[in-house]
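These numbers were taken from a predicted model, which means no experiment stands behind them. Values below: every heavy atom of this structure, side chains too, minus hydrogens, waters and symmetry copies.
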Amino acid sequence: ADIDTAIRGYGEATTFARLAWNPRYDVKLDHRLTRVSVPALVLEPDEDLLIPNAHCARWAELLPNARLEKVSGAERPTGHGLIMQEPDRAAAVVTAFIEEVER
């Protein structure tokens with residue numbers, strides 16, 4: 001259309017980008033995870049459509065005292081919301097981990 005409309009549209013898009021932009025990856029995360037000294041539990045779903053499962057394995061690898069546990073679904077594969085999909089299974093894994101660490 002006209003130049004004023006284009007400028008206004010650009011300004012709105014820029015504002016939206018600033019408000020909505022959320023980087024999915026912190027470039028310093030690998031370094032930071034190696035400094036965590038407490039026991040850690042990384043829960044992995046069957047198939048996360050938001051965060052690739054390879055990230056779970058990498059985080060467990062980088063955390064010095066970590067364990068990777070897969071929480072599978074009883075009827076359907078678990079995904080990004082595995083705690084809501086399989087609350088009892090997730091709770092059992094977390095509880096077992098806490099009990100082991102406390103010993």
(request) Determine which pairs satisfy salt bridge (Lys or Arg N to Asp or Glu O under 4.0 Å) with at least one residue from residues 85-97, sequence neighbours left out, and list them in order. (result) Glu86-Arg89
(message) Treating Thr78 as the side-chain partner and Val71 as the backbone partner, does any N or O pair qualify as donor plus acceptor under 3.5 Å?
(response) yes
(message) Going by the rule salt bridge (Lys or Arg N to Asp or Glu O under 4.0 Å), which residues pair with Arg32 if we only count those two or more places apart in sequence or in a different chain?
(response) Asp26
(message) To the closest 0.5 Å, what do you measure between OG1 (Thr5) and CZ (Arg8)?
(response) 5.0 Å
(request) List in chain and number order the residues that pass salt bridge (Lys or Arg N to Asp or Glu O under 4.0 Å) with Arg58, two or more places apart in sequence or in another chain; answer none if no residue qualifies. (result) Asp30, Glu61
(message) Please determine whether the number of non-hydrogen atoms from other residues, nucleotides or ligands lying under 6.0 Å from atom CD1 of Ile83 exceeds 12.
(response) no
(message) Show me the pairs that pass salt bridge (Lys or Arg N to Asp or Glu O under 4.0 Å) and involve residues 43-54, at least two apart or across chains.
(response) none
(request) Name all residues meeting the side-chain contact (heavy atoms from CB on, under 4.5 Å) criterion together with Ala54; count only those two or more places apart in sequence or in a different chain, and write none if there are none. (result) none
(message) Minimum heavy-atom separation for Leu63 and Ala40, please, with both atom names.
(response) CD1-CB, 3.8 Å
(request) Kindly work out whether a path of hydrophobic side-chain contacts (I/L/V/M/F/W/Y, heavy atoms less than 4.5 Å apart) joins Leu62 to Val42. (result) yes
(request) Run through the side-chain heavy atoms of Ile, Leu, Val, Met, Phe, Trp and Tyr, join any pair under 4.5 Å, and report what else lands in Tyr10's cluster. (result) none
(message) Please report the interatomic distance NE2(His80) to CG(Leu49), rounded to the nearest 0.5 Å.
(response) 10.0 Å
Below 3.5 Å, can you tabulate the donor-acceptor pairs from side chains in residues 91-103 to any protein atom, sequence neighbours excluded?
residue, atom, partner, partner atom, Å
Thr95, OG1, Ala91, O, 2.7
Glu100, OE1, Arg67, NH1, 2.7
Glu100, OE2, Arg67, NH1, 3.2

(request) Mind listing the closest non-hydrogen atom pair of Leu68 and Ala60 along with its distance? (result) CB-CB, 3.8 Å
(message) For residues Leu43 and Ile51: do they belong to one hydrophobic cluster (side chain heavy atoms under 4.5 Å, members Ile, Leu, Val, Met, Phe, Trp, Tyr)?
(response) no
(message) Main chain of Pro45, side chain of Asn53: is a donor-acceptor contact present, judged purely on distance under 3.5 Å?
(response) yes
